[in-house]
Engineer: 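What follows is a structure written as structure tokens; I'll ask about it next.
Sequence positions, counted from 1, serve as the residue numbers for this chain.
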Amino acid sequence: MNKPSLLDFTQKELFTLIKPTFRVKQIFGWLYHNYANDYDEMKNIPKALKEELAEKYIVNPMKIVKKEESIDGTIKYLFELQDGKTIESVWLKMKNEEIDCDGNLVHEAKYTICVSTQVGCKVGCSFCLTAKGGFTRDLSAGEIVAQVVALKRDNDHKHNRMINIVYMGMGEPLDNLNNLAKAIEIFKEDEGLAISAKRQTVSTSGLSNKIDKLGEMDLGVHIAISLHAVDDALRTELIPMNKAHNIASIIEAVKRFPIDTRKRVMFEYLVIKNKNDDIASAKKLVKLLTDIKAKVNLIYFNPYAGTTYERPSKDSMVAFQEYLINHGLLCTIRDSKGIDISAACGQLKEQTQKEVS
Ligand code: SAH
Ligand code: SF4
């Protein structure tokens, strides 16, 4: 059975579980400032307390079993959880460090961590490799938190260096809302990683009732909507649960979501050749997003063995982007980070399973 991890708890909860208070503060430091993997590393904690804790809680609930590094600085990790299941996380280099002509550091490199929230996914999108393996289970809050701790540790990224988190790995975050919300709170802890909600973006395939719930929790996180289609027939082909949560219901939920007035809601649009890459779709997209402070992120479909969908041409991507920009929408094309490794989510796991079998 899975043992709870020390990473499953907020500091306040640990205060009720461990006495005295100053020990909790020390343990918190070991967890989030030193990224301790086990009790042995916690030098100033008495042996008796460590033994008592070890009976109930493990420190880190998973280990890195595979790592793939891209020439662009992207690193993809495969983790094994306590029950032997595997998940992926990605370390993304968003900006290179800059050094001036005198050799002084102008700014440090900037990184984003893409985390998983479930083993597998229930949503079953027809273009997504994660969906192919079905759904196994939700991740605990500690298993979500542990991905960031492990990646910061592995990359020697000091606790006070800023990092952004995107919940865009395996799984549908809003389908695991309570554990997601808890992880967001733990990331925010001042004496922990202190990653503000503003630096955290939840990507969802559009469970509109859960978008409302997340909004009601008022955590301060950003949302990204995986829209991918502008009419319900195509969207249902791509994302079957669109039948229950159609485009109109998502747009309404987004309008109700508490958004920082300086920010925009990100709409992800996965572009698939001859499916949704035409200008007529771009036109409908402009119409759909008229009353929303939106930003569109176009994503190249990343093909894998066995899919019938194809990657769009660069020309159609650029034409689509230009149409949106010319009609007043902010629009970027996501650069395919880690294209030389197993780029899209689910691909490293898939590849490892093939190697094993
Ligand atoms: N379940 C959430 C978050 C995880 S999926 C969601 O769907 O938003 C994260 C992103 O990966 C989604 O935007 C999804 O569209 C994208 N994705 C999935 N399969 C892909 C593929 N083969 N090529 C490119 N992007 C893909
Ligand atoms: Fe799940 Fe997102 Fe993949 Fe759809 S794209 S199956 S919601 S992980």
Side-chain angles (χ1 to χ4, degrees), residues 2 4-5 7-13 61-62 79 81 85 87-89 113-125 128 130-131 134-149 164-189 192-193 195-228 239-247 249-260 263 265-268 345-346:
N2 288 349
S5 147
L7 303 174
D8 275 309
F9 304 104
T10 59
Q11 196 179 52
K12 209 168 154 195
E13 285 172 328
M62 52 221 228
F79 285 100
L81 311 172
K85 306 280 182 270
I87 51 148
E88 296 176 8
S89 318
I113 298 178
C114 174
V115 301
S116 292
T117 51
Q118 296 179 314
V119 182
C121 185
K122 282 182 203 160
V123 180
C125 300
C128 173
T130 299
F135 172 74
T136 307
R137 69 170 175 88
D138 285 333
L139 294 186
S140 66
E143 287 168 333
I144 299 173
V145 171
Q147 297 170 57
V148 173
V149 172
N164 291 323
I165 297 174
V166 291
Y167 298 90
M168 284 187 193
M170 303 168 75
E172 167 50 51
L174 297 189
D175 217 8
N176 185 13
L177 187 54
N178 289 341
N179 293 344
L180 171 79
K182 181 94 178 274
I184 292 168
E185 289 296 354
I186 297 171
F187 285 134
K188 281 159 69 175
E189 293 274 13
L193 292 174
I195 304 169
S196 76
K198 280 196 273 209
R199 293 189 173 273
Q200 303 187 46
T201 303
V202 176
S203 173
T204 176
S205 55
L207 302 163
S208 41
N209 56 337
K210 300 279 183 67
I211 295 174
D212 279 334
K213 271 206 172 142
L214 180 71
E216 282 158 22
M217 288 175 166
D218 211 15
L219 298 167
V221 284
H222 293 307
I223 46 166
I225 307 292
S226 290
L227 193 64
H228 308 336
I239 310 175
M241 64 92 191
N242 186 68
K243 264 200 200 116
H245 304 276
N246 65 13
I247 297 175
S249 76
I250 296 170
I251 298 291
E252 286 314 307
V254 167
K255 286 183 184 163
R256 289 188 291 267
F257 193 84
I259 295 155
D260 185 328
K263 295 285 177 181
V265 178
M266 159 109 83
F267 284 84
E268 292 158 289
C345 62

Engineer: Compare all side-chain heavy atoms of M241 with those of K122 and state whether any distance is below 4.5 angstrom.
Structural biologist: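 They are not in side-chain contact.
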Engineer: Indicate the atoms forming the closest heavy-atom contact of G142 with P61, along with that distance.
Structural biologist: O-CG, 4.1 Å
Engineer: With sequence neighbours left out, write down each residue that passes side chain to side chain donor-acceptor pair (under 3.5 Å) with N242, or none if nothing qualifies.
Structural biologist: D232, R235, T236
Engineer: My understanding is that only residues two or more places apart in sequence, or in another chain, count here; which of them pass side-chain contact (heavy atoms from CB on, under 4.5 Å) with S140?
Structural biologist: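 By the side-chain contact (heavy atoms from CB on, under 4.5 Å) rule, S140 matches D8, E143.
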Engineer: Is there a side-chain contact between V202 and I184, using heavy atoms and a 4.5 Å cut-off?
Structural biologist: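 A side-chain contact under 4.5 Å exists here.
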Engineer: From M170 CE over to T130 OG1, what is the distance, rounded to the nearest 0.5 angstrom?
Structural biologist: 4.5 Å
Engineer: Measuring from H245:NE2 to L207:CG, what's the distance to the nearest 0.5 Å?
Structural biologist: 5.0 Å
Engineer: Which heavy atom of I144 sits nearest a heavy atom of F187, and at what distance?
Structural biologist: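 That closest heavy-atom pairing would be O-CZ, 3.9 Å.
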Engineer: If the condition is side chain to side chain donor-acceptor pair (under 3.5 Å), which residues does Q11 pass it with, not counting sequence neighbours?
Structural biologist: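 In terms of side chain to side chain donor-acceptor pair (under 3.5 Å), with neighbours along the sequence ignored, Q11 is linked to E191.
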Engineer: Short question: side chain of D138, backbone of N176 - any donor-acceptor pair under 3.5 Å?
Structural biologist: no
Engineer: Quick one, V148 and I195 - any side-chain contact, counting heavy atoms below 4.5 Å?
Structural biologist: yes
Engineer: Side-chain contact, heavy-atom cut-off 4.5 Å: V265 with I259?
Structural biologist: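 Yes, their side chains come closer than 4.5 Å.
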Engineer: To check you understand the geometry: which heavy-atom pair defines the closest contact between C114 and G169, and what is its length?
Structural biologist: SG-N, 3.4 Å
Engineer: So which heavy atom on I250 is nearest to which on S205, and how close?
Structural biologist: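 Shortest heavy-atom contact: CD1-O, 4.4 Å.
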Engineer: Just jot down the salt bridge (charged side-chain N to carboxylate O under 4.0 Å, His left out) partners of E172, sequence neighbours excluded, or say none.
Structural biologist: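 Per chain and number, E172 pairs via salt bridge (charged side-chain N to carboxylate O under 4.0 Å, His left out) with no residue.
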Engineer: Can you tell me how far apart CZ (R199) and CG (L193) are? Round to the nearest 0.5 Å.
Structural biologist: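 Spacing of CZ (R199) from CG (L193) equals 12.5 Å.
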Engineer: Apply side-chain contact (heavy atoms from CB on, under 4.5 Å) to the pair R137 and L81, showing each step before the final yes or no.
Structural biologist: CA-CA 11 Å; R137 69 170 175 88; L81 311 172; 3.3 Å; yes
Engineer: What residues, two or more places apart in sequence or in another chain, satisfy side chain to side chain donor-acceptor pair (under 3.5 Å) together with K182?
Structural biologist: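 Applying side chain to side chain donor-acceptor pair (under 3.5 Å) to K182 gives E13.
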Engineer: Sequence neighbours left out, what passes salt bridge (charged side-chain N to carboxylate O under 4.0 Å, His left out) with E189? Give chain and number order.
Structural biologist: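 Not a single residue meets the salt bridge (charged side-chain N to carboxylate O under 4.0 Å, His left out) criterion with E189.
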Engineer: Would you say that T201 contacts M266 through its side chain, given a criterion of any heavy-atom pair below 4.5 Å between the two side chains?
Structural biologist: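 Side chain of T201 against side chain of M266, heavy atoms only: no contact under 4.5 Å found.
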Engineer: For R256, what residues pass the salt bridge (charged side-chain N to carboxylate O under 4.0 Å, His left out) criterion, not counting sequence neighbours?
Structural biologist: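 Partners of R256 by the salt bridge (charged side-chain N to carboxylate O under 4.0 Å, His left out) criterion, ordered by chain and then number, come out as D212.
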Engineer: What residues, two or more places apart in sequence or in another chain, satisfy side-chain contact (heavy atoms from CB on, under 4.5 Å) together with K255?
Structural biologist: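 By the side-chain contact (heavy atoms from CB on, under 4.5 Å) rule, K255 matches I251, E252, D291, I292.
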Engineer: Is the shortest side-chain heavy-atom distance between L139 and Q147 below 4.5 Å?
Structural biologist: yes
Engineer: Without placing hydrogens or testing angles, list every side-chain donor-acceptor pair under 3.5 Å for residues 215-227, not counting sequence neighbours.
Structural biologist:
from: H222; atom 1: NE2; to: K198; atom 2: O; distance (Å): 3.2
from: S226; atom 1: OG; to: E268; atom 2: OE1; distance (Å): 3.3

Engineer: Listed by chain and number, what are the ring-ring contact (aromatic ring centres under 6.0 Å, His included) partners of F9, not counting sequence neighbours?
Structural biologist: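 Result, ring-ring contact (aromatic ring centres under 6.0 Å, His included) vs F9: Y57.
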Engineer: Is it the case that the side chain of S116 and the backbone of Q118 share a donor-acceptor pair, with hydrogens and angles ignored and the cut-off at 3.5 Å?
Structural biologist: no
Engineer: Going by the rule side chain to side chain donor-acceptor pair (under 3.5 Å), which residues pair with D175 if we only count those two or more places apart in sequence or in a different chain?
Structural biologist: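 In terms of side chain to side chain donor-acceptor pair (under 3.5 Å), with neighbours along the sequence ignored, D175 is linked to no residue.
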Engineer: Might you point out which heavy atoms bring S208 and S249 nearest each other, and give the distance in Å?
Structural biologist: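 Reported closest heavy-atom pair: OG-OG, 3.0 Å.
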Engineer: What closest approach, in Å, do G171 and T117 show between heavy atoms, and which atom pair accounts for it?
Structural biologist: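 Of all heavy-atom pairs spanning G171 and T117, the closest is C-OG1, 3.7 Å.
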Engineer: Nearest 0.5 Å, please: how far is CG in L177 from OG1 in T204?
Structural biologist: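 If we round to the nearest 0.5 Å, T204:OG1 and L177:CG are 10.0 Å apart.
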